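One structure is given below, encoded as structure tokens.
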Amino acid sequence: MIKKNKSGYIVAIDGPAGAGKSTVSRLLALNLQGRLLDTGAMYRSVAYFGVKENISTEIGLAKIARSINFDYDVKNQSLIVNGEEMGQRLRTQQVSGLASKISAYKGVRQILTIRQRELAQSWARSCPVIVEGRDIGTVVFPDVDYKFYVTADPTVRAERRHQQLKKQGTKGVSLQSILKANIERDKQDSGRKHAPLKCANDAIVVDTSKMSINQVVHFMTEHILGRISLIGE
Ligand code: DC
């Protein structure tokens, strides 16, 4: 077994919405005793304060992106925003919609990219850091050793979301409408001008369509710890 230094490395995880990326990243961070940087939560935070302060211009939102104070709650593996645990406040439909819109703004992306680098690099001095997003392996950290692109068939992603909504007791959302929205969102994320969602050339593609979350996390952990190598490595 190759021994890996416990600290000092960053793992980039990208992929479309609904592929299981967040769950996988969280579990991987636990396995590696590292921290999780949820960059989507950073975009959502900017959107949240944009709504709260009634600011919608690119310049105004970029200013918000610069001024927010981000910290980390080790116990909950979550981002602390201006001293607060944001919880469901970042998950409302309004904030989700605006986050998606502002993530296309170059001014906002540039600032959040710098802040993501600063945060992850400072945390990586003492532990591994899992950075999850859409442009991590391509733009934010193109030179890191570990890059994964977590994806799944659009139909499988839609089915998972449908099951989740059913479990939560949400009625009246059809599988077809979720599938349609997923395809639309993928198109938007992959087609935007600045830092579109795309798989880095050197990323390991992990298709979760036919794998359980545990299988995915096990594979990634073993790969990072050097216990398995891929064909051709
Ligand atoms: O992963 P999420 O759904 O929490 O992300 C929220 C929004 O931010 C989503 O519209 C995609 C966008 N995003 C992005 O453009 N780049 C990232 N690195 C992370 C998220």
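Source: prediction; values computed, not measured. Atoms within a ligand are numbered from 1 in the order they appear, just like the ligands themselves. Scope of the values below: all heavy atoms of this structure, side chains included, with no hydrogens, waters or symmetry mates.
- Under the ring pair (Phe, Tyr, Trp, His ring centres under 6.0 Å) criterion, the residue pairs touching residues 120-140 are Tyr72-Trp123, with sequence neighbours excluded.
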Could you list each N/O atom of ligand 1 together with any protein N/O atom closer than 3.5 Å, one pair per line with the distance?
unit_1	atom_1	unit_2	atom_2	d
ligand 1	1 (O)	Arg134	NH1	2.9
ligand 1	3 (O)	Arg44	NH2	3.0
ligand 1	4 (O)	Arg44	NE	2.7
ligand 1	4 (O)	Arg44	NH2	3.4
ligand 1	15 (O)	Arg109	NH1	2.9
ligand 1	15 (O)	Arg109	NH2	3.4
ligand 1	15 (O)	Arg192	NH1	3.1
ligand 1	15 (O)	Arg192	NH2	3.1
ligand 1	16 (N)	Arg109	NH2	2.9
ligand 1	18 (N)	Thr39	OG1	3.0
ligand 1	18 (N)	Arg134	N	3.2
ligand 1	18 (N)	Asp135	OD1	2.9

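- The side chain to side chain donor-acceptor pair (under 3.5 Å) with Ser96 is formed by just one residue from the set Arg44, Arg91, Lys101; it is Arg44.
- Pairs of residues two or more places apart, or lying in two chains, never qualify as ring pair (Phe, Tyr, Trp, His ring centres under 6.0 Å) while including a residue from residues 96-116.
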Working for side chain to side chain contact (heavy atoms under 4.5 Å, CB included), residues Leu79 and Leu37: CA-CA 7 Å; Leu79 208 59; Leu37 181 56; 4.0 Å; yes
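- Looking at Pro128 and Arg35, their side chains never come closer than 4.5 Å, going by heavy atoms from C-beta outward.
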Run the side-chain donor-acceptor check on residues 12-23: report pairs under 3.5 Å with partners two or more places apart or on a different chain.
unit_1	atom_1	unit_2	atom_2	d
Asp14	OD1	Arg134	N	3.2
Asp14	OD1	Asp135	N	3.1
Asp14	OD1	Ile136	N	2.8
Asp14	OD2	Ile136	N	3.3
Asp14	OD2	Gly137	N	2.7
Lys21	NZ	Gly15	O	3.2
Ser22	OG	Glu132	OE2	3.1

